[in-house]
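All values derive from a computational prediction rather than experimental measurement.
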Amino acid sequence: MNGSTGPTDGFAGSAATPDVARSDMGDRDGEAFRHAPTAMLAADRTGGILVVNHAFSEFAGRTQTEVIGRPWPELLAEGDVEHGWDLHRGTLMGGWVSERSLNLRVPEAGVRRVVVEPRALPGGTDGEAAGVVVLLRAPLRDEETLRAITELRTENADTALWTLDLRTGRLSELFGPSPLGRLLAGEAGTLEECLSRVHRDDIARLRDAMETSSQGRDYEQQFRMFDQVGDERWLRARARYLGGEKPRLVGFIDDVTDRVQLVRRLADRRRIEAAQGRQVTELAAKLVSATTIDEVTGLLAEDFVPIFGGTSAIVMLVEDGVLRAAPSTVERTGTTAMIDGRDATDVSFPMGAVAQDRQPRFFESRAEVLERFPAVHDLLRRTTAQSWATVPIFGDRRVALGVWQVAWDQSHHATPDERALMLTLAGLAGQALQRVSRQQAELELADAMQRRMLPPQLPDFDDINVAARYLPARAGWRVCGDFYDVIRLPDRRVGLLVGDVQGHGVEAAAAMGQIRVAFRAYATNQVDPGVVLAETNRLLTETGEIVFATCGYLVLDLDSGEMQAAWAGQPPALIATSEAFDIWQPETGPPVGVDSDSKYPVTTRRLVADETLLMCSDGLVESSRVYMDDGLQRVGQALRAMATNVNAAATSLASLTPAGRGDDIAFLIARMV
């Protein structure tokens, strides 16, 4: 190049000098550059201006001599210089670069809004660009407004506008580079380079969508992509197909990571709330079905605490005007002993105040509780808790039954929903405590009735040893109507009876007493056990009471050892020696009290001197978890091991109870001497 065109530093020798820079040498391309109607300049890789055309001088108000060698981005207004350098570097790297609206400094006129469109110049080494050609033009009608809005949108939001050349796979950014475009693509200039960072599970779907869009359809996808720093981002891309000689997709990409994460957090929160709701429902059901005071207080002190994120809890019950710690209370703060036995009307402490006025109290800090209750200073020295919720447990007519206190090891604000839930659970606990108290009273009454209606003492016989046991159920408040009896009969005979009245509680215990009295009355006047059962059955059905019982009645002749048995739905009897045992199933009729016309056949068998007889109610050998056959086998083995000593055998079976203690148990063991 001649000196009139300025220096050419930055190009790799004359062979690499752009054709447009040799316009004074008669080159046709150079002439076209110089006389082109669009303002243009050529710059080397460092940005230094090599040459400008006439249109540029007129457009920018600067001659070639004034600008030659100067970095072209420095011709822009101060706030846009860095944007110019971004365009320059992006063009050289072949990245996402497109035209952009910037401010050009113009002598006398100040600044002028222009559309800057850089293009790479070929001719560098290793296929790199030798420089750039920058086109400058005035914005078209309404284009300035559109550009300003678009740039504001992309600069202040996670959005990038893009275009994809469907022939070459080149991907470039419109009105860029934007912050999101730089973060996602960096120096990448092709679709394949960008797809290399797309999540592997989404690549196939993206390629299918691209293939569909190349057929002239709009494109829309949401996918995951790893940005330049390796973070996973959720992106939403929309584009429209533009045909013609250069088919392409034009659209935008939005970073929707925050939105997706928010949706996930909301979904997780709903799942957690649903799980907590199910947990609350299950625990509330346990509270409603609890059968002991320990069960009720244990649910409050242990099971319900995690729902509120609490660290510990205590339950204090009001007994005879004082606060007493519930036995099941789990409490790690070491303050229970200081509260246990305190006057329930002592309002200088939170628990006393809550028990007195039945109003809940919530404290988020130690300072807050000390301000209201200075007397708790010594208590706070023995605990690490920082926040407390103290709610009343009350029953009918809002009588205070106790206080439930949940503690947190850090500051905690109880939300309105948490407060409402605590009060609801405390109310259910109060109802459960009252119900348990009533059931306990009924249990004690029924148990007393049951034991008074059983034989206080078995009769003594010279020729037979007899032992019997009654074991009440341990399944909550259940007291049933199981019974046994040993009746001295004429002519050296003995009546042995075991039965089970339908139902639980006081009614069952009372019915059991009536049936046992009826049996005794009929047994003393009837030799045939089948007749005794039939008469007892008729009596029960004629009274009109809806009650029935299973039972087994056996008459044993002490001289011959002959047994005559009449059965009414009772489990089989067991006959054991020291070496083996046998299951004896007398022929049975229906339970007594069901049908007044029922008949009960008599089954006969002999009991020899070395054999031991066991009669039992079904609670000993059968439950919801143990089949009767299995229970009979286990009882038979235990009976065989102690067949020679009826009292030891009875004690052993009372401990064994193979079917559990979910039902009452009555059994009777007899052995000929």
For [X] and [Y], indicate whether the former's side chain and the latter's backbone hold a donor-acceptor pair under 3.5 Å.
X: Gln386; Y: Thr384; value: yes
X: Arg625; Y: Ala659; value: no
X: Arg634; Y: Val621; value: no
X: Asn537; Y: Gly593; value: yes
X: Glu418; Y: Thr415; value: yes
X: Thr383; Y: Leu380; value: no
X: Thr651; Y: Asn647; value: yes
X: Asp340; Y: Ala325; value: yes
X: Thr588; Y: Gly569; value: yes

Working to the nearest 0.5 angstrom, can you tell me the gap between [X] [atom1] and [Y] [atom2]?
X: Asp485; Y: Cys551; atom1: CG; atom2: SG; value: 12.0 Å
X: Leu556; Y: Ile464; atom1: CG; atom2: CD1; value: 4.5 Å
X: Leu558; Y: Asp491; atom1: CG; atom2: CG; value: 11.0 Å
X: Leu471; Y: Asp663; atom1: CG; atom2: CG; value: 11.0 Å
X: Tyr553; Y: Leu496; atom1: OH; atom2: CG; value: 8.5 Å
X: Gln526; Y: Thr536; atom1: CD; atom2: OG1; value: 10.0 Å

Aromatic ring pairing Phe308/Trp404, orientation class (parallel under 30°, perpendicular over 60°, tilted between):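 Phe308 and Trp404: perpendicular rings.
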Report, as yes or no, whether the 6.0 Å neighbourhood of atom CD on Gln585 holds more than 12 heavy atoms from other residues, nucleotides or ligands.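 Above 12, so yes.
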A quick test of your reading: do over 12 heavy atoms of other residues, nucleotides or ligands sit less than 6.0 Å from CG of Asp559?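 More than 12 heavy atoms, drawn from other residues, nucleotides or ligands, come within 6.0 Å of this atom.
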Please report the shortest heavy-atom distance between [X] and [Y], naming the atom on each side.
X: Val646; Y: Ala467; answer: O-CB, 3.7 Å
X: Ala301; Y: Ala313; answer: O-CB, 3.8 Å
X: Trp388; Y: Ala407; answer: CD1-CB, 3.8 Å
X: Ala549; Y: Val501; answer: CB-CA, 3.8 Å
X: Pro529; Y: Gln564; answer: CG-O, 3.4 Å
X: Leu287; Y: Ala429; answer: CD2-N, 3.6 Å

Would you say [X] and [Y] make side-chain contact, with heavy atoms under 4.5 Å?
X: Asp595; Y: Thr541; result: no
X: Ile665; Y: Leu653; result: no
X: Gln633; Y: Ile583; result: yes
X: Asp618; Y: Asp500; result: yes
X: Met628; Y: Pro571; result: yes
X: Phe349; Y: Ile339; result: no
X: Asp462; Y: Val673; result: no
X: Arg640; Y: Thr577; result: no

Under 3.5 Å, is there a donor on one side chain and an acceptor on the other for Glu364 and Ser387?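 Short answer, no.
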Is a side-chain donor-acceptor pair under 3.5 Å present for Asp343 with Thr345?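 The answer is yes; a qualifying pair exists.
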Step by step, work out the side chain to side chain contact (heavy atoms under 4.5 Å, CB included) result for Leu317 and Leu401. CA-CA 6 Å; Leu317 300 178; Leu401 304 177; 5.7 Å; no
Which of these passes side-chain contact (heavy atoms from CB on, under 4.5 Å) with Val391: Val406, Leu423, Val403, Leu425?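 Exactly one pass, corresponding to Leu423.
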Give the table of side-chain donor-acceptor pairs shorter than 3.5 Å for residues 354-363, with sequence neighbours excluded, one pair per line with atom names and distance.
unit_1 : atom_1 : unit_2 : atom_2 : d
Asp357 : OD1    : Gln359 : N      : 2.9
Asp357 : OD1    : Arg361 : NH1    : 3.2
Asp357 : OD2    : Arg361 : NH1    : 3.4
Asp357 : OD2    : Arg361 : NH2    : 2.7
Arg358 : NE     : Arg398 : O      : 2.8
Arg361 : NH1    : Gln359 : O      : 3.0

Side chain to side chain contact (heavy atoms under 4.5 Å, CB included) between Val532 and Phe519, worked out: CA-CA 7 Å; Val532 174; Phe519 258 100; 3.7 Å; yes
For a side chain to side chain contact (heavy atoms under 4.5 Å, CB included) check, start with the C-alpha distance between Ile515 and Leu540, then their side-chain angles and the critical distance, and finish with the verdict. CA-CA 8 Å; Ile515 293 174; Leu540 289 178; 3.9 Å; yes
Could you walk me through whether Met351 and Ile314 pass side chain to side chain contact (heavy atoms under 4.5 Å, CB included), step by step? CA-CA 11 Å; Met351 284 194 169; Ile314 58 175; 3.1 Å; yes
Got a list of side-chain donor-acceptor pairs under 3.5 Å for residues 600-617, not counting sequence neighbours?
unit_1 : atom_1 : unit_2 : atom_2 : d
Tyr600 : OH     : Pro590 : O      : 2.9
Thr603 : OG1    : Glu587 : N      : 2.9
Arg605 : NH1    : Asp582 : OD2    : 2.8
Arg605 : NH2    : Asp582 : OD2    : 3.3
Arg606 : NH1    : Ser560 : O      : 2.4
Glu611 : OE1    : Val608 : N      : 3.1
Thr612 : OG1    : Ala643 : O      : 2.5
Thr612 : OG1    : Arg671 : NH1    : 2.8
Ser617 : OG     : Asp482 : OD2    : 2.9
Ser617 : OG     : Ala666 : N      : 3.0
Ser617 : OG     : Ala666 : O      : 3.3

